[in-house]
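Let me begin by presenting the structure, written as structure tokens, before commenting on it.
Keep in mind the model is a prediction, meaning the values are calculated, not measured.
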Amino acid sequence: MSKIETTTRRFQRLALSCYLGLVLWVPLWHFVLAPHPEMSVGFILFIGCLPLLLPLPGLLTGKPYTYAWANFIIVCYLGHGLTAIYSNPGEAWWALIEIILSTGAFIGCVYFARHRGRELGLGLKKRKQPK
């Protein structure tokens with residue numbers, strides 16, 4: 001295995017471990033550690049947990065395109081964590097865990113998609129320069 005492939009696998013492991021950590025952390029936080037008395041279980045599942053499951057099959061199979069678009073979902077959880085730190089200081093440590101997991105997943109997904117896409121020869125085609 002070349003150095004480039006080793007780097008690609010390292011980013012994939014970072015992305016997957018942080019993403020799966022996020023999949024486990026969000027329900028644990030919202031159902032066990034700090035359940036919200038005014039939100040229904042269905043609402044939390046639909047808004048808080050379901051979006052994380054959408055890219056999971058593509059992430060597990062190593063599709064670079066899925067790693068790239070999964071970042072759109074990850075950014076929502078990063079924003080949620082940042083908002084929770086500001087708005088609810090009592091849950092700041094739990095929000096910090098979400099921020100760390102989201103940031104790790106984001107970085108891993110970006111670099112895995114980039115490196116794996118190059119390995120596979122994928123990418124944007126360059127526009128021809130007008131004469």
Under 3.5 Å, sequence neighbours excluded: what are the donor-acceptor pairs made by side chains of residues 37-59?
| residue | atom | partner | partner atom | Å |
| --- | --- | --- | --- | --- |
| S40 | OG | F43 | N | 3.1 |

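- Applying the salt bridge (Lys or Arg N to Asp or Glu O under 4.0 Å) test to pairs two or more places apart or on separate chains, those with a residue in residues 99-117 are R116-E119.
- Note on L78 and W69: separate hydrophobic clusters, where clusters join Ile, Leu, Val, Met, Phe, Trp and Tyr whose side-chain heavy atoms are under 4.5 Å apart, directly or indirectly.
- In this structure, L14 is not a member of the same hydrophobic cluster as L24, with clusters built from ILVMFWY side-chain heavy atoms closer than 4.5 Å.
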Apply side chain to side chain contact (heavy atoms under 4.5 Å, CB included) to residues L60 and Y19 and explain how you reach the verdict. CA-CA 10 Å; L60 293 174; Y19 196 86; over 6 Å; no
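- Put simply, CZ on F72 and CZ on F106 are 9.0 Å apart, with the number rounded to the nearest 0.5 Å.
- Taking the side-chain hydrogen bond (donor to acceptor under 3.5 Å, both in side chains) definition, one finds that Y67 meets it with Q12, sequence neighbours left out.
- Linking Ile, Leu, Val, Met, Phe, Trp and Tyr whenever their side-chain heavy atoms come within less than 4.5 Å leaves V75 and I85 in two separate clusters.
- For the pair T83 and N88, the minimum side-chain heavy-atom distance is 4.5 Å or more.
- Residues forming a side-chain hydrogen bond (donor to acceptor under 3.5 Å, both in side chains) with W29 (at least two apart in sequence, or on another chain): E91.
- For the pair F112 and R9, the minimum side-chain heavy-atom distance is below 4.5 Å.
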Kindly list each side-chain donor-acceptor pair under 3.5 angstrom involving residues 93-104, sequence neighbours excluded, with atom names and distances?
| residue | atom | partner | partner atom | Å |
| --- | --- | --- | --- | --- |
| E98 | OE1 | H80 | ND1 | 2.7 |
| E98 | OE1 | G81 | N | 3.3 |
| E98 | OE2 | H80 | ND1 | 3.3 |
| S102 | OG | E98 | O | 2.8 |
| T103 | OG1 | I99 | O | 2.8 |

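- Minimum heavy-atom separation, A15 to G108: CB-C, 3.5 Å.
- Residues that satisfy the ring pair (Phe, Tyr, Trp, His ring centres under 6.0 Å) test with F11, not counting sequence neighbours, are Y111, H115.
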